[in-house]
Amino acid sequence: YENIEFGVLTGFVTGGIALVTVVILLTQVLRAPEKPEAQHGGLAMGRISRDIADGAAAFLRTEYSYLFVFVVVVAGLITFSPYMQEGVDINQGWQTAVNFLVGSFLSGLAGYV
């Protein structure tokens, strides 16, 4: 169990470092001044940029709606998977499903940010 504890500790430490890095980079990006549209190539370039951003947001909404259904179905299969094998703790299924759901949510959040 010493190796498992080390692995869990390593995961928490590297995850914490990653979160701190994200917060620092996000703060820098949000504090950056927005340049006037003339410096971006004029008003047409600004409109194109907004259109691309709107299209990307629409794509993510559509993709996440499909992924939501997939994640719920897979979480349900994970929940009931211990019933298919003898000698497996029943709690293992729902605990694994909860971890899967949390991981899916955080992954989706990372993709959206």
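Everything quoted here is computed from the prediction, not taken from an experiment.
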Say whether Val98 and Phe105 are linked into one hydrophobic cluster, either directly or through other cluster members, by side-chain heavy-atom distances under 4.5 angstrom.
yes
Following the transitive rule for hydrophobic clusters with a side-chain heavy-atom cut-off under 4.5 Å over Ile, Leu, Val, Met, Phe, Trp and Tyr, establish whether Phe80 and Val74 coincide in one cluster.
no
Cluster question for you: counting only ILVMFWY and a side-chain heavy-atom cut-off of under 4.5 Å, with indirect links fine, are Val102 and Ile78 together?
no
Rounded to the nearest 0.5 angstrom, the CG-OG1 distance for Asn91 and Thr96 is 10.0 Å
OG1-CD distance between Thr79 and Gln95, expressed to the nearest 0.5 angstrom:
11.0 Å
Please answer: with hydrophobic residues joined when any side-chain heavy atoms are less than 4.5 Å apart, are Leu109 and Leu19 in the same cluster?
no
Are Leu67 and Leu60 in one and the same hydrophobic cluster, where Ile, Leu, Val, Met, Phe, Trp and Tyr link if side-chain heavy atoms are under 4.5 Å apart?
yes
I'd like to know if the side chain of Ser107 and the backbone of Ser104 have a donor-acceptor N/O pair within less than 3.5 Å.
no
Surrounding OH of Tyr64 (heavy atoms of other residues, nucleotides or ligands, distance under 6.0 Å), is the total greater than 12?
yes
Looking only at heavy atoms, which two atoms of Ala75 and Ala97 are closest? And how far apart?
O-CB, 3.5 Å
Closest heavy-atom contact between Val71 and Phe100?
O-CE2, 3.6 Å
Starting at CH2 of Trp94, measure out to CG of Asn99 and round the result to the nearest 0.5 Å.
9.5 Å
